[in-house]
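The structure appears right after this line, and notes come after that.
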Amino acid sequence: MSKTADIPLPDPNRWKALAFIALAQLMVVLDATIVNIALPHAQTALGITDANKQWVITAYALAFGGLLLFGGRIADLWGRKRTFVVGLIGFALASALGGAAQNQGMLFGSRALQGAFGALLAPAALSLLAVTFTEAKERAKAFGIYGAIAGGGGAVGLILGGFLTQTLNWRWTFFVNIPFAVIAAAGAYFVIREPAGSRNRSSLDIPGVVLSALGLVSLVYGFTRAESSGWSDPLTIGMFVASGVLLLSFVLTEAKVASPLLPLRVLMDRNRAGVYLSLGLAVIGMFGLFLFLTYYLQVVRGYSPIRTGFAFLPMIAGMITGSTQIGARLMTRVPARKLMGPGFLTAAVGMLLLTQLEVDSSYAALILPGQLLLGLGMGTAFMPAMSLATHGVEPRDSGVASAMVNTSQQVGGAIGTALLNTVAASATTAYATSHAALGATDPQLLKLQSMVHGFTGAIWWAVGILVAASVIAVTFINAGRPSAAPVGSGSGDADGVEDEFKVPVVAH
């Protein structure tokens with residue numbers, strides 16, 4: 001029988017399946033941006049202190065980042081479609097709990113539950129996409145649409161979040177997830193067909209689950225605690241030490257067990273390693289900036305929630321343009337590094353403009369072009385990054401490879417929020433103290449100036465982090481452009497990398 005005859009025919013419902021997968025991604029992205037817009041109002045309504053406000057973001061990121069590898073493995077073991085549907089239903093129930101929150105503990109708990117179910121949902125969605133679209137051009141188009149809808153979700157979230165917060169109340173920013181989840185779950189149940197023979201039915205690696213979850217949670221909590229208690233605090237140091245020990249133990253365990261949670265073959269490929277590392281760094285800068293700009297526009301400039309949502313649209317427009325018009329169009333024509341490196345560098349230039357923020361900065365002259373460049377660069381880089389991270393992976397590993405993409409983003413986001421908040425808080429305090437000693441006459445103006453000084457100090461760090469992401473993308477990633485052959489159609493090595501990318505096969 002010919003090699004071509006062994007290639008399974010593409011699923012005739014694959015484009016309908018993409019619609020429901022993208023709708024689920026829309027909900028997750030929408031939820032993240034809605035919460036940013038609603039946070040100042042939720043903080044006031046529930047009496048959340050400034051020190052605790054970041055837990056609305058961090059509780060979600062801790063659960064999401066800590067459990068993503070477990071979620072990816074469950075998707076490979078239990079079936080991606082089933083995991084996807086369960087994740088959607090759980091996310092909807094957690095959102096209902098968040099909308100009904102009566103105190104900060106209930107809100108934080110609901111956010112952690114959202115993160116846990118998101119950890120099932122996200123890798124299942126991306127791995128379904130990876131195993132459903134195997135031909136290079138179709139794959140590029142599917143990832144482009146997926147990325148554009150994900151970027152569009154940011155726009156919908158910012159505007160819808162502002163509208164719901166201002167016309168109803170912040171609770172509806174949680175309740176709005178429920179119809180999205182119900183429609184996506186129903187559509188997935190009836191339309192999505194998982195390819196046969198793509199599950200990994202090996203036994204679950206319980207030590208790996210425990211070590212990875214505790215290691216990632218310790219790492220993120222260490223950064224979070226540093227903001228309130230300082231870098232020299234014994235518990236802060238203890239969290240970092242514990243994280244290092246736990247994650248090292250996790251790697252050693254994965255090298256020995258028969259059925260590892262994270263097969264090291266997924267990480268050993270330099271291209272995937274470069275994607276995971278550069279994406280994680282880039283998202284550190286992105287997450288911190290969203291939080292700073294939200295507070296700058298609402299607290300410093302006095303924007304309403306709806307106006308704040310519209311003020312973020314240039315960044316989202318840049319992301320959609322970068323992903324659909326640059327990333328998706330070029331990712332089958334040029335090597336990924338030639339999109340990712342310049343993309344992250346363009347984002348760094350946009351971030352560099354935002355270091356010039358002052359209390360009365362012009363939106364049109366400074367914030368708008370900064371956001372456009374940031375979004376354009378990120379959109380251009382993200383499309384090839386997401387495709388490359390799951391390209392050439394054996395079907396049995398697609399869930400965990402997808403989980404690693406999300407892990408790098410979520411852990412990067414949690415670290416970014418905590419790290420950049422810490423930098424901003426320290427700079428704000430130092431500025432306020434020094435200028436008060438000089439006899440500042442307007443306490444309210446001093447407060448705003450101190451806050452903006454803290455924001456710009458943290459944004460400088462974000463610039464450096466994005467430059468580092470660009471350097472890593474260019475130096476680590478050496479894959480050529482994707483071939484036109486379907487995944488698995490060639491005769492390359494075990495992980496399929498030589499099949500999927502036109503690079504020389506080096507003898508091992």
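Residue indices begin at 1 and follow the sequence shown. Heavy atoms only: backbone and side chains are in, while hydrogens, waters and symmetry mates are out.
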Which residues satisfy the side chain to side chain contact (heavy atoms under 4.5 Å, CB included) test with [X], sequence neighbours excluded?
X    : value
P179 : none
I465 : L281, I284
V210 : I206, L214

Looking at residues at least two apart in the chain, or sitting in another chain, which of them share a ring-ring contact (aromatic ring centres under 6.0 Å, His included) with [X]?
X    : result
Y431 : H435, H453
F70  : none
F455 : F292
F175 : W172

Under 3.5 Å donor-acceptor, [X] side chain and [Y] backbone:
X    : Y    : value
R270 : F476 : yes
N271 : N478 : yes
T433 : A430 : no

### Task
Identify, with sequence neighbours excluded, every residue that meets side-chain hydrogen bond (donor to acceptor under 3.5 Å, both in side chains) alongside Y295.
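Scan of Y295 (side-chain hydrogen bond (donor to acceptor under 3.5 Å, both in side chains), adjacent residues dropped) gives Q43.
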#### Entry: With sequence neighbours excluded, residues passing side-chain hydrogen bond (donor to acceptor under 3.5 Å, both in side chains) with S95
Q114, N177
## Note on the structure
Taking every heavy atom of G99 against every heavy atom of F174, the minimum-distance pair comes out as N-CB, 3.5 Å
### Summary
Note: F84 and I21 closest approach over all heavy atoms is CZ-CA, 3.9 Å
### Task
Provide the full list of salt bridge (charged side-chain N to carboxylate O under 4.0 Å, His left out) pairs with a residue in residues 444-456, sequence neighbours left out, each pair given once.
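Qualifying pairs: none.
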List the atom pairs, with distances to 0.1 Å, where a side-chain N or O of residues 235-250 and a protein N or O form a donor-acceptor pair under 3.5 Å, not counting sequence neighbours.
from	atom 1	to	atom 2	distance (Å)
T236	OG1	G230	O	3.2
T236	OG1	D233	OD2	3.3
S243	OG	G215	O	3.1
S249	OG	V245	O	2.8

Sequence neighbours excluded and cut-off under 3.5 Å, please list the side-chain donor-acceptor pairs for residues 351-378, or say none.
from	atom 1	to	atom 2	distance (Å)
T355	OG1	L352	O	2.5
S361	OG	E358	N	2.6
S361	OG	E358	O	3.2
S362	OG	A364	N	3.4
S362	OG	A365	N	3.1
Y363	OH	A311	O	2.5
Q371	NE2	A311	O	2.9

